[in-house]
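Data block below; observations after.
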Number of protein chains: 2
Amino acid sequence: MTAGQTARERARAELTGAIKDEARRQLAVDGAHQLSLRAVARALGMASSAIYRYFPSRDELLTALIIDAYDALGEAVEAVEPVAEPALWWHAVCTAVRGWALANRHEYALIFGSPVPGYRAPHDTVAPAARIPLALVRVAEAADLPDGDLPAELRAQVEHVLGLAGSTLTPGAMARVMITWTQLFGMIGFELFGQLVGSADPADAFFDHTVREMAAFLGLRSPNVAHAIGPQP
Amino acid sequence: MTAGQTARERARAELTGAIKDEARRQLAVDGAHQLSLRAVARALGMASSAIYRYFPSRDELLTALIIDAYDALGEAVEAVEPVAEPALWWHAVCTAVRGWALANRHEYALIFGSPVPGYRAPHDTVAPAARIPLALVRVAEAADLPDGDLPAELRAQVEHVLGLAGSTLTPGAMARVMITWTQLFGMIGFELFGQLVGSADPADAFFDHTVREMAAFLGLRSPNVAHAIGPQP
DNA sequence: CCAGAGCGAGAGCACTGCTCTCGGTGTGCT
DNA sequence: AGCACACCGAGAGCAGTGCTCTCGCTCTGG
């Protein structure tokens with residue numbers, strides 16, 4: 001894939017990657033707020049102004065990191081191997097999301113926390129962002145989920161989403177997937193941002209139980225042999 | 001209430017309030033990231049160094065704003081008048097939360113988005129933060145919710161929370177309240193932070209439907225349906 | 001082989017949070 | 001009433017930031 005590139009192009013791609021890597025390193029340590037272009041340049045031994053040859057602004061660098069984070073999370077989720085029993089598969093996918101979030105909390109905060117710059121350009125991020133809910137849809141499709149009554153307006157929206165996703169789910173089932181989707185990220189966000197500190201502070205048990213409850217809400221049959229296969233640490 | 005205060009104390013309280021008001025104004029316009037102590041001082045016609053007589057750092061100012069925001073949201077939620085039918089009351093409370101969030105999105109992002117400074121001091125904020133989940137608990141107490149099976153570890157946590165909240169709910173019901181709590185804020189956060197942009201973008205219908213579904217999940221009878229199916233533990 | 005695009009470095013601007021010092025002023029105690 | 005002291009506002013200053021501009025050097029396509 002690097003064939004046909006001039007030396008300059010290769011150097012540019014390499015340096016772009018190095019800048020992102022260093023930025024990601026600082027992001028993981030100090031958070032998005034502390035990320036400084038000058039500090040990145042300093043760590044790379046280059047003048048701060050040279051960074052602007054690769055990223056026109058700090059926000060553009062952050063946007064690039066956001067897209068990469070979406071992709072990393074998407075890959076982590078898609079790496080979950082399908083299991084015949086949808087409830088178990090569901091549990092594995094949810095656990096993968098949480099595991100990635102806990103392991104990369106600043107990157108998670110970058111994509112699911114409050115938008116850091118004035119406003120994010122949504123169009124570059126919407127495609128990689130869709131990978132995670134799509135993974136949830138794939139699990140749901142493996143089960144035979146009942147439909148459900150939906151108000152007309154919502155039904156139209158959901159059917160449009162079904163078209164985008166190329167999914168065979170019924171609108172009622174898709175709506176429930178969307179509900180569990182928001183629940184999952186709400187719970188993980190609360191855990192990461194300290195909102196559970198007074199209640200379900202070590203959130204493992206709460207997370208595990210909630211995922212099961214949401215699976216039941218979705219319509220996935222819950223495997224009552226809980227001790228057979230436990231959650232991955 | 002201002003009796004017994006010296007002129008200096010009154011002036012100090014007044015200026016402290018003025019600083020917070022101006023900061024809140026800038027927050028609402030530009031977001032937390034853009035909030036600048038110097039700009040606040042400039043707007044108030046004072047030297048930037050004088051601000052530090054009232055707030056020792058920018059983060060302290062933000063923390064004060066966070067606590068105020070929690071209280072404002074708490075008041076908005078507690079201002080919801082109880083209704084005899086719990087499902088309706090529930091709906092009103094959830095709608096109040098969303099309404100406040102939409103009307104004060106930067107303040108909402110400040111408290112429920114990613115923690116802006118290195119790390120926030122949690123202990124000053126945990127008390128006002130508890131007002132919102134407590135309001136949800138109060139609604140749940142008005143209904144006769146069934147219990148549910150809980151793993152031992154989670155059950156212990158939930159019972160501890162019940163003690164803190166002084167609630168008469170069963171552990172199973174309390175756990176479901178916590179699940180719906182995280183769902184509610186996950187959904188609102190997704191709407192505010194643009195995560196629903198490709199799917200349920202005008203989120204009114206989705207929100208409305210989800211609140212009803214979560215009420216049914218909780219065990220509140222839906223007012224429009226004769227006898228909704230209760231949750232299955 | 002050479003014009004022009006790409007590139008790195010440095011200086012510089014306007015801004016930030018924060019500190020320190022310096023006078024003036026209101027306050028509580030004697 | 002007088003006074004010591006804590007409090008307060010202003011200004012200068014430090015270190016850091018994002019970003020721009022200009023200057024030479026180098027690699028590249030024609």
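Each chain gets a letter, A, B and so on, in the order the sequences are listed, and its residues count up from 1. If you're wondering where the values come from, they're calculated on a predicted model, not measured in any experiment.
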Could you tell me the separation between the CG atom of Leu61(A) and the P atom of dG18(D), rounded to a whole number of Å?
10 Å
Is the centre of the Phe185(A) ring less than 6.0 Å from the centre of the Phe112(A) ring?
yes
Glu60(A) has an atom CD; how far is it from atom C1' of dG18(D), in whole Å?
14 Å
For Glu9(A) and dA5(C), give me the distance from atom CD to atom P, rounded to whole Å.
16 Å
How would you list, by chain and number, every residue that makes a side chain to side chain contact (heavy atoms under 4.5 Å, CB included) with Ser36(A), sequence neighbours excluded?
Arg38(A), Ala39(A)
Tyr70(A) six-ring centre to Arg131(A) NZ/CZ under 6.0 Å and within 45° of normal:
no
If you compare all heavy atoms of Ser48(B) against all heavy atoms of Ala41(B), which two are closest, and at what distance to 0.1 Å?
CA-CB, 3.6 Å
Within this structure, what is the NE2-to-P distance between His33(A) and dT17(D), rounded to whole angstrom?
12 Å
Under 4.0 Å, heavy atoms only, any strand: does Leu35(A) hit a base, just the sugar-phosphate, or nothing?
sugar-phosphate
For atom CZ of Arg10(A) and atom P of dG6(C), their distance in whole Å
18 Å
Protein-proximity profile, nucleotides 2-14 of chain D, B/S/- by nucleotide at the 4.0 Å heavy-atom cutoff, equals -----BBBBB-B-
In whole Å, what is the span from the CD atom of Gln34(B) to the P atom of dT17(D)?
17 Å
In whole angstroms, how far is the P atom of dC15(C) from the CZ atom of Arg58(A)?
18 Å
State whether a side-chain donor-acceptor pair under 3.5 Å links Gln183(B) with Thr210(B).
no
note: Tyr52(A), atom OH; dC19(D), atom P; distance rounded to Å ~ 4 Å
Compare all side-chain heavy atoms of Leu27(A) with those of Leu65(A) and state whether any distance is below 4.5 angstrom.
yes
